[in-house]
Amino acid sequence: MDATGDGFRVVSEVGETVAMSRLLDAWDGVVGTVEDGYWLGIDEYRHDIAVRGVIERRLAESDVPAWCVERLAEIDRRFRRLLLPEPARAGVPWWEAHVRTS
């Protein structure tokens, strides 16, 4: 990811936007790492979960195939199971608002 201006911009090796399937693969990988017991610090954690925000922007910007939405919903379900139910922060997306249970 390339931090620029007001947020993150994801670009491929040739400068094109990364395909939604690759973004979902990245989010799935982050969730898998958290499921296995995330051992890095808070800065790394926030960096890693930032891919979910990129996915959210992609959903808002273009038509996304139904299979992508379904896969995202499943990955999100897995991640939500790892979070405390009460948000720790207000005014941020759910994946940033809740803290991990472990």
Side-chain angles (χ1 to χ4, degrees):
M1 281 189 238
D2 175 29
T4 58
D6 62 344
F8 288 92
R9 182 175 46 136
V10 177
V11 294
S12 71
E13 298 80 357
V14 293
E16 296 177 8
T17 303
V18 174
M20 188 64 159
S21 62
R22 289 191 54 201
L23 292 170
L24 292 171
D25 288 346
W27 180 229
D28 186 50
V30 169
V31 173
T33 299
V34 175
E35 287 172 331
D36 291 343
Y38 196 88
W39 57 272
L40 297 173
I42 189 67
D43 291 333
E44 291 83 2
Y45 178 75
R46 286 185 177 159
H47 176 269
D48 289 346
I49 67 169
V51 69
R52 182 56 181 80
V54 175
I55 292 169
E56 195 68 18
R57 286 191 298 279
R58 240 348 246 289
L59 290 171
E61 292 171 357
S62 62
D63 291 330
V64 175
W67 70 266
C68 288
V69 175
E70 292 166 10
R71 183 169 178 215
L72 176 60
E74 176 55 34
I75 298 167
D76 283 350
R77 273 191 291 279
R78 288 176 34 222
F79 192 63
R80 285 179 191 269
R81 286 193 306 254
L82 303 169
L83 304 174
L84 293 175
E86 294 299 319
R89 296 173 58 200
V92 295
W94 68 266
W95 57 90
E96 295 176 8
H98 296 263
V99 295
R100 296 176 290 133
T101 57
S102 57

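Along the sequence shown, residues carry numbers from 1.
Qualifying side-chain hydrogen bond (donor to acceptor under 3.5 Å, both in side chains) partners for R71, counting only residues two or more places apart in sequence or in other chains: D25. Looking at residues two or more places apart in sequence or on another chain, you find a side-chain contact (heavy atoms from CB on, under 4.5 Å) between E74 and R77, R78.
Side-chain heavy atoms closer than 4.5 Å link hydrophobic residues (I, L, V, M, F, W, Y) into clusters, and following such links, possibly through other members, connects V54 to I49.
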Result block: side-chain N/O donor-acceptor pairs under 3.5 angstrom for residues 39-46, not counting sequence neighbours:
from, atom 1, to, atom 2, distance (Å)
E44, OE1, G41, N, 3.2

Extract all donor-acceptor atom pairs below 3.5 Å that involve side chains of residues 79-96 and protein atoms in other chains or at least two apart in sequence.
none

### Message
The test is side chain to side chain contact (heavy atoms under 4.5 Å, CB included); show your working for L59 and L72 and say whether it passes.
### Response
CA-CA 10 Å; L59 290 171; L72 176 60; 3.5 Å; yes
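Note that CD of E35 and CG of D28 are 8.0 Å apart. Values are rounded to the nearest 0.5 Å. Rounded to the nearest 0.5 angstrom, I55 CD1 and L24 CG are separated by 5.0 Å.
Listed here is the closest heavy atom pair of A19 and R58: C-NH1, 4.0 Å.
Under the 4.5 Å side-chain criterion, counting only non-hydrogen atoms from C-beta, I75 is not in contact with R52. For the pair D48 and T33, the minimum side-chain heavy-atom distance is 4.5 Å or more.
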